[in-house]
Amino acid sequence: MTGYFDHIDPIKFEGSDSDNPLAFKYYDPKKVVMGKTIEEHLRVAVCYWHTFCWDGADVFGGGPFNRPWHGGKNDQAAADAKLDAAFDFFDRLGQPFFCFHDVDVMAEAETPKEHVENFAQIVDKIEAKMAQHSTKLLWGTANLFSHPRYMAGAATNPNPDVTAFAALQVQQCLEATHKFGGAGYVLWGGREGYDTILNTNVGQEMQQLGRFLSMVVEHKHKIGFKGDIWIEPKPHEPTKHQYDRDVGTVFGFLKEYGLENEVGVNIEPNHATLAGNSFEHEVEMANAFGIFGSIDFNRGDPQNGWDTDQFPNDLRETTLALYYILKGGGFKNGGSNFDAKVRRQSCDAEDLFYGHIGGMDLLARALINAAEMIENDELQAFKDARYAGWKSGSGAKVLSGNMTLEGFAAEALRDNASPKPVSGRQEKLENYISNHVK
Ligand code: XLS
Ligand code: NI
Ligand code: NI
């Protein structure tokens with residue numbers, strides 16, 4: 001059988017002097033950085049949906065990609081051909097993980113029974129594939145946003161029958177993820193929000209979402225799944241307002257439902273920027289709350305206000321993000337999933353490789369930069385000195401809860417000194433970063 005990717009040789013590390021566009025220049029999987037190999041640090045995953053399912057269609061026109069499994073019905077034969085191609089792609093790229101939605105991998109289904117049957121068929125086939133290949137599962141997720149039944153949400157739908165269908169999909173997909181030895185399970189609330197607040201009972205919907213998430217966590221424990229559960233924050237698109245708008249909002253939501261020790265976050269840079277946050281802000285917020293999980297690496301377009309899902313190529317931004325990820329202890333169950341798609345005009349098989357090679361090289365470079373920054377951690381040293389006052393005396397008493405407002409105020413009067421401004425040294429610190437981005 002001839003395969004769609006047959007003309008692409010396995011991608012090798014050739015070093016930064018290589019001018020072969022189908023080789024890694026920086027992603028040397030076995031190179032050791034801070035005691036672990038680059039492969040172990042980054043835990044790179046290819047996503048099934050953008051890489052194999054998307055046919056290049058946009059809201060103005062049909063798909064130009066013409067992969068052999070596109071064009072006809074999304075039946076079992078198409079799902080099988082896509083699966084063969086996917087594992088062939090993984091073998092050639094050599095990344096350690098993949099991620100999928102239930103509907104990405106299976107033949108299209110309409111009824112709940114059909115869903116269970118079609119999904120079960122492909123689950124067996126994926127299991128067989130995984131036994132023959134080295135690619136592992138980073139995370140699975142149920143698509144609770146594409147089918148018209150979910151137009152008013154899944155967990156937050158006004159009709160509980162729709163939510164029951166969602167429960168079926170999540171149960172099936174979580175169990176499959178467990179079977180495949182997945183490291184995590186993601187819930188992205190694509191339509192868990194509203195198009196207009198005029199027809200929406202916000203309090204009721206949040207309660208539904210809180211209970212739904214609790215049931216997912218309960219089921220995880222029931223089946224003995226040891227991986228993590230992550231929510232993927234996004235502010236809007238497709239809805240006007242999504243309830244999981246950013247990391248801070250998600251943490252508040254988790255606290256409200258007592259799930260902050262059970263559920264973490266899968267952060268996507270393009271979602272961060274849509275929410276008006278920087279990528280590194282979201283990582284640091286997750287570190288601060290202790291809910292950092294995984295990353296959906298991509299980038300937006302600074303001129304476009306939507307989720308363009310482009311492969312990342314900003315070395316400065318990625319270096320900073322990896323610095324904060326490493327400072328937080330690095331990836332545990334999580335990893336670097338490329339939730340990224342090639343542009344619509346990049347319609348050839350090799351374009352899929354160029355996108356991933358560029359992303360993996362960028363991550364490896366950023367990781368090496370970040371590790372060098374940590375070696376002689378000037379940012380940390382600066383921050384330690386900046387906050388040193390809170391480590392002892394009244395500052396420490398305030399933080400440990402052993403100070404009243406009156407007591408603290410009295411100290412100000414007693415010292416009767418006007419505190420002197422201290423430089424925040426922003427430009428110096430920015431120069432320091434610039435000197436480490438290489
Ligand atoms: C959409 C999300 C989606 C999730 C998985 O914007 O990024 O692709 O990662 O459902
Ligand atoms: Ni994503
Ligand atoms: Ni996204």
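The figures that follow rest on heavy atoms only: side chains count, while hydrogens, waters and symmetry mates do not. None of the values given here were measured: they were computed from a predicted structure. We count ligands from 1, going down the list as the structure has it; atoms in each ligand are counted the same way.
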Item checked: Atom indices of ligand 1 within 4.0 angstrom of Lys234 heavy atoms, with elements ->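 Close to Lys234: 1 (C), 6 (O).
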Notebook entry, point to check: Which residue owns the protein heavy atom closest to atom 8 (O) of ligand 1, what's the atom, and how far is it?
Noted result: Asp339 OD2, 2.9 Å
Can you confirm, on distance only, whether ligand 1 has an N/O atom lying under 3.5 Å from any N/O atom belonging to [X]?
X	value
Glu232	yes
His101	yes
Thr141	no
Asp307	yes

Check: Looking at Phe97, does the NZ or CZ of Lys136 lie under 6.0 angstrom from its six-membered ring centre and within 45 degrees of the ring axis?
Finding: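 Satisfied, under 6.0 Å and within 45°.
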Check: Do any pairs count as a ring-ring contact (aromatic ring centres under 6.0 Å, His included) and have a residue in residues 287-317, sequence neighbours left out, and if so which ones?
Finding: Phe251-Phe289, Phe279-Phe297, Phe292-Phe331, Phe311-Phe338, Phe311-His356
Item checked: Closest approach to the Ni ion (ligand 3) by Asp307, given as the N, O or S atom name ->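 The Asp307 atom nearest to the Ni ion (ligand 3), restricting to N, O or S, is OD2.
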Next item on the list: Between His271 and ligand 1, find which residue part has any heavy-atom pair under 4.0 Å and reply side chain, backbone, both or neither.
Entry: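 Looking at His271 and ligand 1, just side chain atoms fall under 4.0 Å.
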Notebook entry, point to check: Taking heavy atoms and a distance under 4.0 Å, where does Asp296 meet ligand 1: side chain, backbone, both or neither?
Noted result: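 Within the 4.0 Å criterion, Asp296 contacts ligand 1 through side-chain atoms alone.
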Checklist line | All side-chain contact (heavy atoms from CB on, under 4.5 Å) counterparts of Gln204, not counting sequence neighbours | finding: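 With neighbours one apart ignored, the set is Asn201, Gln208.
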Margin query: Is it the case that the side chains of Glu268 and Asn298 hold a donor-acceptor pair, with the cut-off being a distance below 3.5 Å and no angle test?
Written below: yes
Checklist line | Distance-only side-chain donor-acceptor flag, Gln169 / Tyr150, under 3.5 Å | finding: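 The answer is yes; a qualifying pair exists.
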Notebook entry, point to check: Would you say Val186 contacts ligand 1, with heavy atoms under 4.0 Å as the rule?
Noted result: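 Val186: no contact with ligand 1 (<4.0 Å).
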Item checked: the Ni ion (ligand 2): protein N, O or S atoms that are less than 2.8 Å away, sorted by chain ->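 Counting only protein N, O or S atoms under 2.8 Å from the Ni ion (ligand 2), the list reads Glu232 OE2, Glu268 OE1, Asp296 OD2, Asp339 OD2.
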Would the [X] and [Y] ring centres measure less than 6.0 Å apart?
X	Y	answer
Trp54	Phe65	yes
Tyr26	Phe13	no
Tyr4	Trp69	yes

Notebook entry, point to check: In terms of the angle between their ring planes, are Tyr48 and Phe98 parallel, tilted or perpendicular, with boundaries placed at 30° and 60°?
Noted result: tilted
Note to self: Suppose we screen for salt bridge (charged side-chain N to carboxylate O under 4.0 Å, His left out). Which residues come up paired with Asp58, at least two apart in sequence or across chains?
What the structure shows: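 For Asp58, the residues satisfying salt bridge (charged side-chain N to carboxylate O under 4.0 Å, His left out) (neighbours in sequence not counted) are Arg344.
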Notebook entry, point to check: Within the side chain of Asp28, is there an N or O that forms a donor-acceptor pair under 3.5 Å with the backbone of Gly15?
Noted result: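 Not confirmed, Asp28 side chain does not pair with Gly15 backbone.
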